[in-house]
Amino acid sequence: MSAPFDCIVIGAGHNGLICALELARGGRRVLVVESAAHVGGAAITRSFAPGFKVSACAHLLHALPQAVLQDYALESHGLKFAARAMPTHAISATGTALRIGTQELCGAGVTPADKAQFPDFRQRLMRYAGVFHSVLGMTPPRLSLTRWSERFELLRLGLRIRLLGKKQMRELLRIGGMNAYDLLDDNFEGDMLKGALAFDATLGAEYGPRSPGTVLTWLYRLAGEHASGTQGLAQPAGGMGAFSDALATACKKAGVEIRLGAPVQRILVANDHASGVRLVSGEEIAATTIISSADLRSTFFKLLGTEHLDTGFVRRVDHFRSRGLVAKLHLALRAQPTFKGVDEAALRGRLLISPSMDYLELAFNPSKYREVPSHPAMEVTLPSLNDNTLAPPGQHVLSALVQFVPYDLGPNPAAARAALLENVLATLEQHAPGLRELIVATELLTPFDLEQEFGLAGGHWHQGALSFDQFFVNRPVPQSQQYQSPLPGLFMCGAVCHPGGSVMGFAGRNAARAVLAQGV
Ligand SMILES: Cc1cc2nc3c(=O)[nH]c(=O)nc-3n(C[C@H](O)[C@H](O)[C@H](O)COP(=O)(O)OP(=O)(O)OC[C@H]3O[C@@H](n4cnc5c(N)ncnc54)[C@H](O)[C@@H]3O)c2cc1C
């Protein structure tokens with residue numbers, strides 16, 4: 001055994017890095033071991049064709065808390081923004097574009113009733129999201145509530161809900177368990193508006209708009225938006241990898257050692273306590289506290305081993321649901337494409353192809369039967385318009401999130417993949433005639449590919465479904481809430497923990513605070 005570290009963090013994704021940084025600030029000697037040759041996990045930039053670079057998984061910051069940006073001084077550690085407060089437009093194949101702002105709607109096809117209703121509806125949801133925002137940054141209390149700090153946290157949460165006022169509190173409790181489809185249908189008329197809002201309610205989750213719990217997943221997304229403040233949707237200059245690089249720089253300045261190309265093979269145990277890690281190279285490194293940002297199954301089944309766990313816990317981990325439905329498409333384009341009804345300013349923002357809630361539900365349905373959508377729903381960006389380092393002069397990159405693509409592509413995955421690519425390109429071509437002619441190179445990453453390449457369990461955005469039974473005090477599974485595990489000295493800090501994923505950093509930050517609170 002070698003190396004004098006108090007804590008070893010497994011994985012240099014953004015949550016692992018933030019956890020390491022907080023621990024170092026808390027006076028711990030910290031080592032981060034990462035299997036890849038670079039930091040960032042699912043928040044990286046990489047080349048996918050000669051001369052073309054793209055954010056390989058996460059491509060927009062929509063939930064980065066101001067607190068994370070400022071507390072870790074990321075801008076003075078090299079983070080720059082190519083775009084902030086990027087606009088969102090719902091687009092259609094007929095050339096209608098609808099701008100969905102934070103306060104107002106504009107564009108053809110907005111009915112007077114929707115225009116009048118939107119600001120009030122949005123304000124109401126953002127108030128609820130404010131309550132959720134406070135939940136994101138807290139360690140979920142144990143239901144036994146034996147500690148005063150936990151009782152106090154829960155009381156504070158209750159008070160925040162109470163402060164909404166009787167009417168709003170009742171409304172939050174009413175809609176909290178609803179599906180997005182019914183809520184939007186109750187409030188709006190326009191199909192394009194409802195389709196676009198329902199897209200956000202389901203993005204990254206494993207649900208269609210009619211699935212129960214989609215108001216919850218929407219509030220979760222809005223809570224991230226609440227946390228990000230006026231920054232809104234943002235694109236880091238140089239792609240998402242620049243965000244992770246800034247975090248790594250902050251870590252190193254705080255004294256954290258980061259070892260890349262150092263996959264962990266085993267978490268070591270001595271006297272029923274985590275005692276270090278063994279790398280695939282055979283090197284063993286001792287530490288009293290191990291914090292894993294890998295997903296649940298990898299941490300407990302591959303790295304720890306079921307011999308250290310009771311059968312009830314093993315069963316719970318085994319039953320934890322993690323089936324991603326988001327695929328990623330990257331196109332290298334020889335010239336800038338034109339989208340019908342979309343001006344240059346809108347093209348620099350986020351375009352949503354989800355022209356109605358029925359379109360979205362129909363795109364979701366095949367995934368239940370391991371089939372690909374014939375008309376996929378998409379979030380499309382052209383990051384090179386805001387950042388000319390991503391493509392050769394005059395050429396461009398298209399980066400799109402494609403909903404809903406199953407992890408398991410059925411009996412003939414190659415044929416399903418080819419059909420999916422064809423359906424995606426045909427859908428894009430309807431909105432951007434002539435796009436196919438511009439394509440120099442294509443990369444399509446299905447949830448299966450994302451698992452293979454980034455280690456995200458099931459290719460899932462949050463390393464596991466965000467649903468009532470896997471949320472807050474239940475996340476990820478009993479006996480491993482509060483970032484702990486059944487094995488003393490072993491903690492977790494990745495997206496699989498509360499409050500889940502997105503490039504947000506709360507999981508890593510909360511985990512470090514839970515470790516430090518134990519005085520280890
Ligand atoms: C297709 C897609 C698009 C997305 N788009 C967005 C978006 O636009 N905006 C957004 O905010 N979020 C987005 N997300 C979600 C976001 O990318 C993730 O939730 C987030 O990056 C997870 O961060 P993490 O640090 O918890 O985990 P990860 O980034 O997965 O990091 C875990 C790290 O642990 C390492 N590791 C695992 N096992 C070992 C081992 N044995 N030894 C050493 N290292 C190990 C891995 O290599 C990895 O680097 C998207 C996700 C997907 C899949």
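Read the numbers this way: they start at 1 and go in the same order the structure lists the ligands and their atoms.
Proximity of Pro263 to ligand 1 is established by a heavy-atom distance of less than 4.0 Å. Residue-ligand proximity: Ser293 is placed with a non-hydrogen atom under 4.0 Å from ligand 1.
For ligand 1, the polar-atom distance check against His460 finds no nitrogen or oxygen pair separated by under 3.5 Å. Where the criterion is an N or O separation shorter than 3.5 Å, residue side chain and backbone included, Val503 meets it with respect to ligand 1. Residue Ser35 has at least one N or O atom closer than 3.5 Å to an N or O atom of ligand 1. Where the criterion is an N or O separation shorter than 3.5 Å, residue side chain and backbone included, Asn15 meets it with respect to ligand 1. Taking only nitrogen or oxygen atoms, main chain and side chain alike, Ala262 does not reach within less than 3.5 Å of ligand 1. Ligand 1 has a nitrogen or oxygen under 3.5 angstrom from a nitrogen or oxygen of His59. Taking only nitrogen or oxygen atoms, main chain and side chain alike, Leu61 does not reach within less than 3.5 Å of ligand 1. Considering backbone and side-chain N/O of Val326, none are found under 3.5 Å from N/O of ligand 1.
Atoms of ligand 1 lying under 4.0 Å from at least one heavy atom of Gly11, given by number and element, are 33 (C), 34 (O), 35 (C), 44 (N). Residue-ligand proximity, His62 to ligand 1, at heavy-atom distances under 4.0 Å covers atoms 9 (N), 10 (C), 11 (O). With ligand atoms numbered from 1 in the order given, ligand 1 contributes 3 (C), 4 (C), 5 (N) to contacts under 4.0 Å with heavy atoms of Cys57. Shown in contact with Gly494 at under 4.0 Å from a heavy atom are these atoms of ligand 1, numbered in order with element: 26 (O). Less than 4.0 angstrom separates some heavy atom of Gly501 from each of these atoms of ligand 1: 19 (O).
A distance-only check finds a donor-acceptor pair linking the side chain of Ser244 to the backbone of Ala43 [under 3.5 Å]. Checking side-chain atoms of His460 against main-chain N and O of Leu456 turns up no donor-acceptor pair under 3.5 Å. Side chain of Tyr128 to backbone of Ala223: no donor-acceptor contact under 3.5 angstrom is found.
Between Asp449 and Lys328 there is no salt bridge, since none of the side-chain N atoms of the basic residue sits less than 4.0 Å from a carboxylate O of the acidic one. A salt bridge between Asp71 and Arg25 is absent, with no side-chain N of the basic residue lying under 4.0 Å from a carboxylate O of the acidic one. Look at Glu451 and Arg297 and you find no salt bridge, because none of the NZ, NE, NH1 or NH2 atoms lies under 4.0 Å from a carboxylate O.
Contacts with ligand 1 closer than 4.0 Å are made by backbone heavy atoms (N, CA, C, O) of Val33 only, the side chain lying farther away. Only the side chain of Leu401 comes within 4.0 Å of ligand 1, judged by heavy-atom distances. Under 4.0 Å from ligand 1, the heavy atoms of Gln463 that appear belong solely to its side chain. Contacts between Leu303 and ligand 1, counted as non-hydrogen atom pairs separated by less than 4.0 Å, involve the side chain only. Residue Leu450 touches ligand 1 through its side chain alone, judged by heavy-atom distances below 4.0 Å.
Heavy-atom proximity to atom 16 (C) of ligand 1, evaluated over Gly41, Ser292, Ser298, Ser502, is greatest for Ser502. For the residues Gly16, Ala43, Ala294, the heavy atom positioned nearest atom 38 (N) of ligand 1 is part of Ala294.
Considering only non-hydrogen protein atoms, atom 47 (O) of ligand 1 sits nearest to Glu34 OE2, 2.6 Å. Scanning all protein heavy atoms for the shortest distance to atom 41 (N) of ligand 1 gives Val264 O, 3.1 Å. Protein heavy atom nearest atom 21 (O) of ligand 1, with residue, atom name and distance: Ala42 CB, 3.5 Å. The protein non-hydrogen atom at the shortest distance from atom 5 (N) of ligand 1 is Ala58 CA, 3.1 Å. Closest to atom 20 (C) of ligand 1 among all protein heavy atoms lies His14 CE1, 3.8 Å. For atom 53 (C) of ligand 1, the closest non-hydrogen atom on the protein side is Leu456 CD1, 3.5 Å. Of all protein heavy atoms, the one lying nearest to atom 14 (N) of ligand 1 is Trp461 CE2, 3.3 Å. The nearest protein atom to atom 31 (O) of ligand 1, hydrogens excluded, is given as Gly13 CA, 3.4 Å; this is a heavy-atom distance.
Interatomic distance, Leu60 CG to Ser55 OG, rounded to the nearest 0.5 Å: 8.0 Å. The distance from the CG atom of Leu428 to the CE atom of Met378 is 4.0 Å, given to the nearest 0.5 Å.
Note on ring orientation: taking the six-membered ring where Trp is involved, the planes of His375 and Tyr359 are tilted (angle from 30° to 60°). Between Trp461 and His62, the ring planes are tilted. Angles from 30° to 60° get that label.
Here the side chains of Leu304 and Val269 are in contact, with some heavy-atom distance below 4.5 Å. At least one side-chain heavy atom of His330 sits less than 4.5 Å from a side-chain heavy atom of Leu445. Proximity of Val30 to Cys251: side-chain heavy atoms (C-beta onward) are nowhere separated by under 4.5 Å.
In this structure, a donor-acceptor pair under 3.5 Å is absent between the side chains of Gln470 and His462.
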Step by step, work out the ring-ring contact (aromatic ring centres under 6.0 Å, His included) result for Phe404 and Phe364.
CA-CA 5 Å; Phe404 297 86; Phe364 167 67; 5.3 Å; yes
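Residue Asp408 forms a salt bridge (charged side-chain N to carboxylate O under 4.0 Å, His left out) with just one option from Arg370, Arg323, Lys368, and that option is Arg370.
His498 and Met138 get closest at one heavy-atom pair: CD2-O, 3.1 Å.
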